[in-house]
Student: 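Supplied in structure tokens, the structure appears directly below.
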Amino acid sequence: MFKILNFLIIRLISFIPKPIIKIFANQYVAGTTLKEVLQISKYLNQNKLLVTIDILGEHTKSTNECDRITNNYIKILKNINKNKINANISIKPSHIGTDINNDLFLANLNKIINQASKYKNFVRIDMEDSNLTDISINAYKKSYKKELGIVLQAYLYRTENDIKNLSKNNNIRLCKGIYNEDKNIAIKDPNKINQNYLKLLEIAFKKGIYVAIATHDKSLIHKSLELINTMNLDNSKFEFQMLYGVPMNDTIKFLLKNEYKVRIYLPFGPSWYDYSIRRIKENPNISLYVIKNIFIKIKEAL
Ligand code: FDA
């Protein structure tokens, strides 16, 4: 049934009128302008939630465009500081230069990190598909400052070694991984991905690495909490992260009540349409999530 639905979604997505896609995208995208994303950030802060802001887009094809996006990230950092918002930023390497060359990517990344350091803020390098894993990890190590963190994906076999090669001061976001990777390099079985996630989390904690536990999988969140309790870790060693719009109200309430930190990933920007379509085509699970979440929301409202 899901396979048929996936097939239909991939075939039909380009024919669905933009305004209809926007209705669905609106739930997951925090507006198209800086003003909108800052407003939503303030609102989330008022509700005790931390924020990480991401400009939607990837695989930028011109140097000028990479420079423009870099300057927009710098503008976001300035505005976060000016408005005293509790937010940091998340960046995709291919959005600021890797499709052109590594030097451009590193130069742009460093401009952004320097601005973040100035404001004592923080930059997270998002992890894209496996063609960019080495480039991203190398950039993280080369440009390392305490204001910089990276994402690692529990579905990749290599991640255990990548974590073992990090040290105490490092800061990772651990997620399952969203891209459709080859079975030679990535675990495919969802249960095994979860087992690996917990194994990696324990390795990272034992090394003293700060971990942003990024998942909406409730059983994984609870197993992570069990590990945190067993290891007697305090709040300064981890936070939870979730994507904007995914209906996680009960879990968020529970985490906040127990004084855990929760950060919401806020993607925004004018590229919402191309980005949404490309990501749905790459990974039809996203559209299945959207459909499932509509039912969860209806249930919550009843
Ligand atoms: P799982 O796939 O089991 O999902 C649990 C439930 O959550 C689903 O059934 C659905 O209801 C809901 N859900 C999950 N993802 C959803 C989505 N996109 N839209 C709507 N509902 C959704 N990946 C990556 O490769 N590189 C990265 O840099 C990041 N960054 C990142 C940041 C943050 C804050 C989060 C939460 C996730 C990421 N990811 C990511 C995505 C991550 O790798 C993973 O693909 C998704 O979070 C889905 O996996 P879950 O752990 O949520 O579990």
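Reckoned from all heavy atoms, side chains included, excluding hydrogens, waters and symmetry mates. Whatever order the structure lists them in is the order used to number ligands and atoms, beginning at 1.
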Student: CD1 of I113 to CD1 of I74: how many Å apart, nearest 0.5 Å?
Tutor: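 Answer for the CD1-CD1 pair, I113 versus I74, is 11.0 Å.
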Student: Looking only at heavy atoms, is any part of E128 under 4.0 Å from ligand 1, and if so is it the side chain, the backbone, or both, or is it neither?
Tutor: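 Neither part.
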Student: Which ligand 1 atoms does Q153 reach within 4.0 Å, using its non-hydrogen atoms?
Tutor: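 Answer, ordered by atom number: 24 (C), 25 (O), 26 (N).
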Student: Applying the 4.5 Å side-chain criterion to the ILVMFWY set and letting contacts propagate, would I135 and I100 be lumped into a single cluster?
Tutor: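 No.
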Student: Which of these passes side chain to side chain contact (heavy atoms under 4.5 Å, CB included) with T98: L106, L104, L132?
Tutor: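 Single side chain to side chain contact (heavy atoms under 4.5 Å, CB included) partner of T98 among L106, L104, L132: L132.
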Student: Quick check on contacts: which atoms of ligand 1 are under 4.0 angstrom from a heavy atom of D217?
Tutor: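 Once the distances to D217 are compared, the set is 3 (O), 53 (O).
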Student: Which ligand 1 atoms are under 4.0 Å away from a heavy-atom of Y179?
Tutor: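 Reading through ligand 1 atom by atom, the close ones are 25 (O).
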Student: Please indicate whether any nitrogen or oxygen in R173 is less than 3.5 Å from any nitrogen or oxygen in ligand 1.
Tutor: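 So ligand 1 has an N or O lying under 3.5 Å from an N or O of R173.
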Student: Quick one: which ligand 1 atoms are inside 4.0 Å of a heavy atom on Y265?
Tutor: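 Counting atoms of ligand 1 from 1, those under 4.0 Å from Y265 are 32 (C), 34 (C).
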Student: So between M242, K218, H216, K176, whose heavy atom ends up nearest atom 3 (O) of ligand 1?
Tutor: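 Of the listed residues, K176 has the closest heavy atom.
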Student: Measure the CG-OG distance between L148 and S143 for me, rounded to the nearest 0.5 Å.
Tutor: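 Going from CG on L148 over to OG on S143, the span is 6.5 Å.
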Student: With I85 as reference, evaluate N81, N88, N83 under the side chain to side chain contact (heavy atoms under 4.5 Å, CB included) test and give the passing residue.
Tutor: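 Answer to the side chain to side chain contact (heavy atoms under 4.5 Å, CB included) test with I85 among N81, N88, N83: N83.
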Student: Between I178 and ligand 1, is there a nitrogen or oxygen pair with a distance under 3.5 Å?
Tutor: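 I178 vs ligand 1: N/O contact under 3.5 Å present.
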Student: Has Y28 got any heavy atom lying under 4.0 angstrom from an atom of ligand 1?
Tutor: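 Checking ligand 1 against Y28, which is what was asked, there is a heavy-atom contact under 4.0 Å.
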Student: Drop me the distance from I125's CD1 to I172's CD1, to the nearest 0.5 angstrom.
Tutor: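 That separation rounds to 13.0 Å.
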Student: In a check of side chain to side chain donor-acceptor pair (under 3.5 Å) between D217 and each of K176, H222, K223, which one passes?
Tutor: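 Exactly one pass, corresponding to K176.
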Student: Show which atoms of ligand 1 fall inside a sub-4.0 Å distance from at least one heavy-atom site of D126.
Tutor: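 This gives 28 (O) as the contact atoms.
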Student: Which atoms of ligand 1 sit under 4.0 Å from any heavy atom of G177?
Tutor: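 It comes down to these atoms of ligand 1: 25 (O), 42 (C), 43 (O), 45 (O).
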Student: Assign the ring pair F238 / F205 to parallel, tilted or perpendicular, where the plane angle (0 to 90°) is split at 30° and 60°.
Tutor: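 Perpendicular, since the angle between the ring planes exceeds 60°.
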Student: Considering only heavy atoms of V151, which atoms of ligand 1 have at least one such atom less than 4.0 Å away?
Tutor: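 Ligand 1 atoms under the 4.0 Å threshold to V151: 27 (C), 28 (O).
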